[in-house]
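In what follows, a structure is listed as structure tokens, so that the remarks can point back to it.
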Amino acid sequence: MTTNMVRESAKIYEFPVRDAARIKAMRERQTAKPVIYESGSASWYHEAAIREAERTPKQ
């Protein structure tokens, strides 16, 4: 049975330094984009009904 156990210490890694432009670009990619409801099809009345249902308060 081994009685002499050697433990290695933890390794410390340095995070890469990022510049402000890259951080800003990353945040812009993560922001929510506006939803476009118009599909250019002939079912405009269906899409209008969906938008109206979303606007009316639910009971």
Side-chain angles (χ1 to χ4, degrees):
M1 182 171 178
T2 305
T3 58
N4 186 8
M5 296 179 66
V6 178
R7 291 185 154 183
E8 292 184 26
S9 75
K11 294 182 181 179
I12 299 173
Y13 295 100
E14 184 176 334
F15 286 102
V17 178
R18 294 187 178 162
D19 58 294
R22 286 183 66 191
I23 292 173
K24 182 180 177 185
M26 183 173 50
R27 286 184 181 148
E28 287 176 357
R29 285 192 306 265
Q30 293 175 348
T31 58
K33 305 291 186 241
V35 177
I36 300 173
Y37 287 105
E38 308 306 323
S39 64
S41 64
S43 62
W44 61 268
Y45 51 88
H46 179 70
E47 293 173 1
I50 291 173
R51 282 184 287 206
E52 183 179 329
E54 289 175 349
R55 277 186 263 143
T56 58
K58 300 192 180 343
Q59 297 178 357

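We number each residue from 1, following the sequence as shown. Because only heavy atoms are used, hydrogens play no part in the values below, and waters and symmetry mates are left out as well, while side chains stay in. None of the values given here were measured: they were computed from a predicted structure.
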> Is any side-chain heavy atom of R27 closer than 4.5 Å to a side-chain heavy atom of T31?
Replying inline: no

> What distance separates R51 CZ from H46 NE2, expressed to the nearest 0.5 Å?
Replying inline: 11.0 Å

>> Just to verify, what does I12 make a side-chain contact (heavy atoms from CB on, under 4.5 Å) with, not counting sequence neighbours?
In response: none

> Can you list the residues that meet the side-chain contact (heavy atoms from CB on, under 4.5 Å) rule with R29, with sequence neighbours excluded?
Replying inline: A25, M26

